[in-house]
Every structure is written in structure tokens, then in C-alpha cells.
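One structure is given below, encoded as C-alpha cells.
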Amino acid sequence: MSNQIIRDHKRRLLVAKYELERMQCKAISRHKNLPNQIRYEYFLKSSKLPRNSSRTRVRNRCIFTGRPRSVYKLFRVSRIVSRELASKGSLIGINKSCW
């Protein structure tokens with residue numbers, strides 16, 4: 001496994017761990033009817049969460065090669081690997097077309 005895949009996996013675990021807390025802080029800090037002091041406290045609380053627990057830090061990577069671009073979300077594999085798997089018949093319901 002490449003280093004990027006391991007790092008991305010750790011980020012996904014952090015996102016899952018802090019997801020509820022981040023959503024609560026975000027909702028309270030954006031609530032217009034609450035006093036500004038409380039909203040600001042929750043804004044600071046959300047900024048103290050780990051950076052890698054943010055959803056935007058997660059990168060879709062191929063689970064076989066670690067390639068960050070042209071990854072199909074459904075299978076989490078890159079276009080190159082998906083073509084090889086389709087040729088072998090490993091992807092159910094998908095076959096490589098030829099004409």
C-alpha cells in the first residue's frame with residue numbers, strides 16, 4: 001500500500017469520528033436566533049477540531065493503485081484498473097465493449 005492510500009484511510013476514519021460533533025458546531029454557529037457569544041464559542045470549538053476530520057480533505061483514490069484522478073466512485077477504482085478488471089470479467093455486470 002502506498003503512503004497516500006494509508007493517509008487517505010486515516011482521514012476517512014477521522015471524518016467518521018468527528019462528523020457528528022462537526023455538524024453540531026456548524027449548525028449552532030450558523031443559527032441566526034442564538035446570541036452571537038454562543039455562536040462564536042461554537043465557531044471556535046469547530047476550528048479546534050482536527051483539520052483532517054474535515055470532509056473536504058478526503059480524496060477519492062483508487063484502492064488498487066492509489067491514483068487520485070479519474071476514479072469511479074461506484075467501484076473506487078481508476079479508469080485504468082477498471083478497464084483491466086472489465087476485460088477479465090471481474091466487475092459484475094460490466095464488460096469491455098469491442099466493435
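All residue numbers refer to positions in the sequence shown, counting from 1.
- Checked against salt bridge (charged side-chain N to carboxylate O under 4.0 Å, His left out), Arg12 has the following partners two or more places apart in sequence or in another chain: Asp8.
- Under the 4.5 Å side-chain heavy-atom criterion for grouping Ile, Leu, Val, Met, Phe, Trp and Tyr, Val71 is not connected to Leu74 through any hydrophobic cluster.
- The OG atom of Ser78 sits 10.0 Å away from atom CD1 of Ile63, with the distance rounded to the nearest 0.5 Å.
- The distance from atom NZ of Lys26 to atom CZ of Phe43, rounded to the nearest 0.5 Å, is 11.5 Å.
- Other members of the hydrophobic cluster containing Val15, listed by chain and number, are Val58; membership follows side-chain contacts under 4.5 Å among ILVMFWY residues, whether direct or relayed.
- Under the 4.5 Å side-chain contact rule for hydrophobic residues, Tyr42 and Leu34 share a cluster.
- Qualifying side chain to side chain donor-acceptor pair (under 3.5 Å) partners for Thr65, counting only residues two or more places apart in sequence or in other chains: none.
- Expressed to the nearest 0.5 Å, how far OH of Tyr18 lies from OG of Ser54 amounts to 13.5 Å.
- Scanning all heavy atoms of the two residues, the minimum distance from Ser46 to Cys25 falls at CB-CB, 3.6 Å.
- Contact annotation: the side chain of Val81 never approaches that of Phe75 to less than 4.5 Å [non-hydrogen atoms, C-beta and beyond].
- Here CE of Met23 is found 10.5 Å from CZ of Arg55. Values are rounded to the nearest 0.5 Å.
- Qualifying side chain to side chain donor-acceptor pair (under 3.5 Å) partners for Arg76, counting only residues two or more places apart in sequence or in other chains: none.
- From Asn52, atom CG reaches atom CG of Leu13 across 11.5 Å, with rounding to the nearest 0.5 Å.
- Partner Gln4 forms a side-chain contact (heavy atoms from CB on, under 4.5 Å) with one of Arg61, Arg59, His9, Arg67 and no other, that one being Arg61.
- Partners of Ser53 according to the side chain to side chain donor-acceptor pair (under 3.5 Å) rule, which considers only residues two or more places apart in sequence or in another chain, are Arg22.
- Residues passing the side chain to side chain donor-acceptor pair (under 3.5 Å) test with Ser47, sequence neighbours excluded: none.
- In this structure, OG in Ser29 is found 10.0 Å from CG in Leu44, a value given to the nearest 0.5 Å.
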